[in-house]
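In what follows, a structure is listed as structure tokens, so that the remarks can point back to it.
Per chain, numbering begins at 1; letters A, B, ... match sequence-line order. Everything numeric here is computed off the predicted structure, so don't read it as measured data.
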Amino acid sequence: MPRRTDIARLRKRRDFLAAAGGRKWAANGLVLQALDRADEAEPRVGFTVTRKVGGAVIRNRARRRLKAAASEILPVIAKQGYDYVLVGRASTLTRAWPDLLDDLRAAMTKVHGAKLHGSQRAARGPSSQRGSGNQAGSESKEDTSHG
RNA sequence: UCAGAUGGCCGGAUGGCCGCUGUCCUUCGGGGCAGAGGAAAGUCCGGGCUCCACGGAAAUACGGUGCCGGUUAACGGCCGGCGGGGGCGACCCCAGGGAAAGUGCCACAGAGAACAGACCGCCCGGCCAAGGCUUCGGCCUCCCGGGUAAGGGUGAAACGGUGCGGUAAGAGCGCACCGCGCGACCGGUAACGGAAGCGGCACGGCAAACCCCACCGGGAGCAAGACCAAAUAGGGGCGGCAUUGUCGGUUCGCCGGCAAGACCCGUUUCCGGGUUGCCGCCCGGGUUGGUUGCACGAGGCGUCCGGUAACGGGCGUCCCAGAUGAAUGGCCAUCGCCCGCAAGGGUACAGAACCCGGCUUACAGGCCAUCUGACAUU
């Protein structure tokens, strides 16, 4: 099966900030942020490991594991028009490799599942973007009350 | 063998699958080669390079350095020596210039602490008011006046220490030795070392207190700086058109010259301030993206020569990361090492960001060389 590994990288600070305003899912070994750009362009991906996790060596190792996981999984299930940001945490290094891959797959489906409502509202245009940002808090509150 | 001192080095290995950055080749399928550190770290010093400022030099202020000599592009680094301190020793540590230029500080305790000082004590003299003793002559205590730095006590430190002489008791008052100060002269490039002789002996400590002296330092940094290309709003300049008045020409369509208009505000005039159309070209600045700076260098390795050494020179040889939300890796297996009876777990500190020379700090485990002290053996 031909694997596409050359997914475009996010390189600008404003892209990362925009993705941080999108859907977010925290798995055991990583945190995934996704933003639906509402166009049909190629998907893009970026990586972030904050100083909270550790020094430069630890952060580099975490980012490389995330890159390796992304190059294995994203070409299969990434969707057009999406920006993804993988955020490393302390457990990114200690998590077993198959578990880390499962974490990423699960996070991708979670983030895409939320998109299903969004695609219906996409006909109404920019209101969907405003909803993902401002009303995210109230939505999550409803979720917890249901569960 | 044990304990220790100094200097230096390594700091995982091999294989498989899949990737990343650079570069070269390509039959465009792909393939070859290279790819983190000793500290890449802290950003504490010193340079190269770049821009800015500046006529040269010096001075003031501020900051830094501070025994002497050498080394270097330079240094607060390094090497060699000197002085002081520590260790049986190998060796280690030290901001280590100036206190008769000046100012300041030296707490507490203590009688007295910087041209010091009699609390107790010791000694001499006086006195009989008081007390005691008396052989009735006086004597002692108290008191008064003085001498004394030997003893006690205080302190971090008390006009140097020990001994003998000396004295009323004492005192460098005298003497010997030690210490201290000055020191002709000798050795050394120098720091400094030695030292005849002289001086009875004080001229205290702190300059990581101010200060003085000598030397060094313009500022900012590769997000420096240079170049290219886009799109957007606004600025400046030039030209043309449009608008108004007037003069001249006219084929009555217009053309040319000159001048400025219109609106708003300060109550009006004068005067002052502000705003204002369209198009093209040029200039300069900001933003974004790209290229460059950017990796051949105070370069690595080997060898020879000079030098105790730091280091310098000659010759040969090699090309050895170049990213920019930032490559140099992810996963798996086997082995090594450490912990554990085993299952199993762990495998240091840490990631280039313009480049060099240092310093400092972090570091599992291990190796090598030289030297020192014990013990044992021959």
Sub-3.5 Å pairs of nitrogen or oxygen atoms, protein against nucleotides 343-352 of chain B:
unit_1	atom_1	unit_2	atom_2	d
B:G351	N7	A:N60	ND2	3.3
B:G351	O6	A:R64	NH1	3.2

Write down the protein N/O and nucleotide N/O pairs, taken from nucleotides 287-290 of chain B, whose separation is under 3.5 Å; answer none if there are no such pairs.
unit_1	atom_1	unit_2	atom_2	d
B:G289	OP1	A:K12	NZ	2.5

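Checked against side-chain hydrogen bond (donor to acceptor under 3.5 Å, both in side chains), A:D103 has the following partners two or more places apart in sequence or in another chain: A:R95. Evaluation of the salt bridge (Lys or Arg N to Asp or Glu O under 4.0 Å) rule for A:R105 yields A:D102 as partners, not counting sequence neighbours. For A:D83, the salt bridge (Lys or Arg N to Asp or Glu O under 4.0 Å) criterion is met by A:R37, A:R44, not counting sequence neighbours.
When rounded to the nearest whole Å, the span between CG of A:L93 and P of B:C331 equals 9 Å. Between the CD atom of A:E72 and the C1' atom of B:C331 there is a distance of 8 Å, rounded to whole Å. Rounded to whole Å, atom C1' of B:C332 lies 16 Å from atom CG of A:L100. Between the NZ atom of A:K67 and the C1' atom of B:A323 there is a distance of 11 Å, rounded to whole Å. Between the CH2 atom of A:W97 and the P atom of B:G330 there is a distance of 10 Å, rounded to whole Å. In this structure, A:L74 atom CG and B:C18 atom C1' are separated by 17 Å, rounded to whole Å. The distance from atom CZ of A:F47 to atom P of B:C20 is 12 Å, rounded to the nearest whole Å. A:L66 has its CG atom 13 Å from the C1' atom of B:G329, to the nearest Å.
Within the 3.5 Å criterion, the main-chain N or O of A:G29 finds a donor-acceptor partner in the side chain of A:T92.
Using Watson-Crick or G-U wobble geometry with both donor-acceptor distances under 3.5 Å, B:C175 finds its partner in B:G163.
Comparing the C1' positions of B:G38 and B:C49 gives an interatomic distance of 27 Å, to the nearest angstrom.
Within the structure, a side-chain polar atom (N or O) of A:R65 is placed less than 4.0 Å from OP1 or OP2 of B:C331.
Listed by first and then second residue, the side-chain hydrogen bond (donor to acceptor under 3.5 Å, both in side chains) pairs that reach into residues 53-66 of chain A are A:N60-A:R63, sequence neighbours excluded.
Taking 3.5 Å as the limit, the base of B:G330 and the side chain of A:S71 contain no donor-acceptor pair of atoms between them.
With B:G325, B:A327, B:G330 as the candidates, the nucleotide lying closest to the side chain of A:R63 is B:A327.
Residues A:L86 and A:T48 are not in side-chain contact: their nearest non-hydrogen atoms beyond the backbone lie 4.5 Å or more apart.
Around the CH2 atom of A:W97, the shell of radius 6.0 Å holds more than 12 heavy atoms that belong to other residues, nucleotides or ligands.
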